[in-house]
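First listed ligand is number 1; within each ligand, the first listed atom is number 1.
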Amino acid sequence: MSPTTAGPSTPPAAVLCGLAGWVPSRVVTNEHLARRLDTDDTWIRTRTGIRQRHVVDPGQATSDLAVEAGRRALAAAAANGTDRVDAVVVATTTPDRTCPATAPSVAARLGLAGAAAFDIGAVCTGFVYGLASAAGLIAAGVAGRVLLIGADTYSTIVDPLDRANAIIFGDGAGAVVLRAGHPGEPGAVGHFDLGSDGAHEALITVAAGGSRQRSRPGEPSHQDRHFAMRGQEVYRHAVTRMAESARATLSRAGWKTDDVDHFVPHQANLRILHSVADDLGLPRERCVTHVESVGNTGAASIPLALADAAARQTVRPGDRLLLTAFGGGLTWGSCLLTWPSLPHQERTTP
Ligand code: UT7
């Protein structure tokens, strides 16, 4: 490990130097869903903004997506001068197994056995918590370069006949490589705001599979094995918490709303993203959206949206970004970054 120091008294910052997204090839459109669920394309598009989502094939697991995104992000970082990492962090709600964590196997499959590797469980806020953790590892001198992957396969935990949730979620992975650098340089991530409120844990749950509800013969029930969400309540919390968190971050950095060129929220639902932008007084066109093509991809949603925006060249070097996420727990978090110069990005979705 050889962290770059930023100066005698300033700890190094985490600087973005590689980015990639990856989604499985199988596309499920709203029309596909309407064939098996009591729903229709108009309802889904007007309530969520989603047109289609990508889902894994049987046998494909979260680590398979994480490896694909991770490999591409590492290649992008290598083209940018960073060719190895000291730590691999995987943010996910859908690990391959309850035990062990998914990150060590992802690291080994990427040829990174020996690197520190661990998972982050902060549901849809996992990527922002992961950025903060990676920044902490770098600031403390524990790692000089970190591969952070947000990866989720919600199709493996959502009941395919649950029309309220099956329409929202998609599978995917997004990855970034962060290296030690200077807090003021383009790509530096900072001014974090992280929070949680476990009093509302029941709003988003998978009841069984952990130590609270142990398996006994014949259990758990079909319902307890699957993802459950109280959508309307979650919606209200999402708008309030994301707007509060975004404001806290802007205030820490001394930025005004108008300083934000691109708002990159967790891609939960287009209406939520627009409500948060409205609440912040940000024009909706500054809101980076990718939800229409991939649905809500959990911890993957922010890096996938970033990769898509980079590929479309809607974000350019020097642009100022505000990232804000919200998820089960409840958890929320935000941070800022000034867009660096990165190698050309391939589109993940057409
Ligand atoms: O990533 C973590 C954070 N997650 C989120 O942020 C998701 C937050 N919640 C949401 O995005 C929205 O609450 C949903 C998209 C889940 C639901 O939209 P909504 O506008 O809150 O709908 P609703 O739950 O209030 O349901 C309205 C009606 C209900 O019928 P009635 O009771 O009015 O007759 C539902 O049964 O729509 C019905 N409905 C549907 N109809 C057609 C629910 N799902 C569907 C569906 N197709 N897929």
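Residue contact check: His266 has heavy atoms under 4.0 Å from atoms 1 (O), 2 (C) of ligand 1. Residue Ile167 approaches ligand 1 through these ligand atoms, each under 4.0 Å from one of its heavy atoms: 48 (N). The contact set between ligand 1 and Arg271, taken as ligand atoms under 4.0 Å from a residue heavy atom, comprises 20 (O). Of all atoms in ligand 1, listed by their number and element, those nearer than 4.0 Å to a heavy atom of Gly231 are 8 (C), 9 (N), 13 (O). With ligand atoms numbered from 1 in the order given, ligand 1 contributes 42 (C), 47 (N) to contacts under 4.0 Å with heavy atoms of Asp38. Listed by number with element, the atoms of ligand 1 under 4.0 angstrom from any heavy atom of Asn296 are 1 (O), 2 (C).
Distances between N or O atoms of Arg163 and those of ligand 1 include at least one value under 3.5 Å. Considering backbone and side-chain atoms together, Ala268 places no N or O closer than 3.5 Å to any N or O of ligand 1. When only interatomic distances are considered, the shortest N/O to N/O separation between Asp40 and ligand 1 does not fall below 3.5 Å. In terms of polar-atom proximity, defined here as any N/O pair under 3.5 Å, Thr48 makes no such contact with ligand 1.
Scanning the protein heavy atoms around atom 28 (C) of ligand 1, the nearest turns out to be Trp43 CZ2, 4.4 Å. Cys124 SG, 3.6 Å is the protein heavy atom nearest to atom 2 (C) of ligand 1. Atom 25 (O) of ligand 1 has its closest protein heavy atom at Gln232 NE2, 2.3 Å. Looking only at heavy atoms of the protein, atom 5 (C) of ligand 1 is closest to Val234 CG1, 3.6 Å. Given atom 20 (O) of ligand 1, the protein heavy atom at minimum distance is Arg47 NH1, 2.7 Å. In this structure, atom 7 (C) of ligand 1 lies nearest to the protein heavy atom Met229 CE, 3.6 Å. When only non-hydrogen protein atoms are considered, atom 46 (C) of ligand 1 lies nearest to Thr39 OG1, 3.3 Å. Distance from atom 6 (O) of ligand 1 to its nearest protein heavy atom, with residue and atom name: Ile272 CD1, 3.2 Å.
Of the candidates Gln267, His266, His290, His266 is the only one forming a side-chain hydrogen bond (donor to acceptor under 3.5 Å, both in side chains) with Ser301.
Expressed to the nearest 0.5 Å, how far CZ of Arg145 lies from CZ of Arg179 amounts to 9.0 Å. In this structure, Leu282 CG and His262 NE2 are separated by 11.5 Å, a value rounded to the nearest 0.5 Å. Distance check: Leu74 CG to Asp83 CG gives 10.0 Å after rounding to the nearest 0.5 Å.
Ring geometry, Phe227 versus Tyr154: the interplanar angle exceeds 60°, so the pair is classed perpendicular (tilted spans 30 to 60°).
Within the 4.5 Å cutoff, no side-chain heavy atoms of Asp171 are placed close to those of Asp152.
In this structure, Ile167 is a member of the same hydrophobic cluster as Met229, with clusters built from ILVMFWY side-chain heavy atoms closer than 4.5 Å. A single hydrophobic cluster is not seen to contain both Leu16 and Phe263; linkage of ILVMFWY side chains at heavy-atom distances under 4.5 Å, directly or through other members, places them apart.
By heavy-atom distance, the residue among Asn269, Leu273, Leu330 lying nearest atom 10 (C) of ligand 1 is Asn269.
Within the 4.0 angstrom cut-off, atom 22 (O) of ligand 1 has one or more protein heavy-atom neighbours.
Atom CD of Glu201 has 12 or fewer heavy atoms from other residues, nucleotides or ligands within 6.0 Å.
The heavy-atom pair separating Ile50 from Ile44 by the smallest distance is O-CG2, 3.6 Å.
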Before you tell me yes or no, could you show the steps for Asp38 and Arg163 under salt bridge (charged side-chain N to carboxylate O under 4.0 Å, His left out), namely the whole-Å CA-CA distance, both residues' side-chain angles and the distance that decides it to 0.1 Å? CA-CA 7 Å; Asp38 181 14; Arg163 71 172 177 170; 3.7 Å; yes
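A donor-acceptor pair under 3.5 Å is formed between the side chain of Thr102 and the backbone N or O of Asp96.
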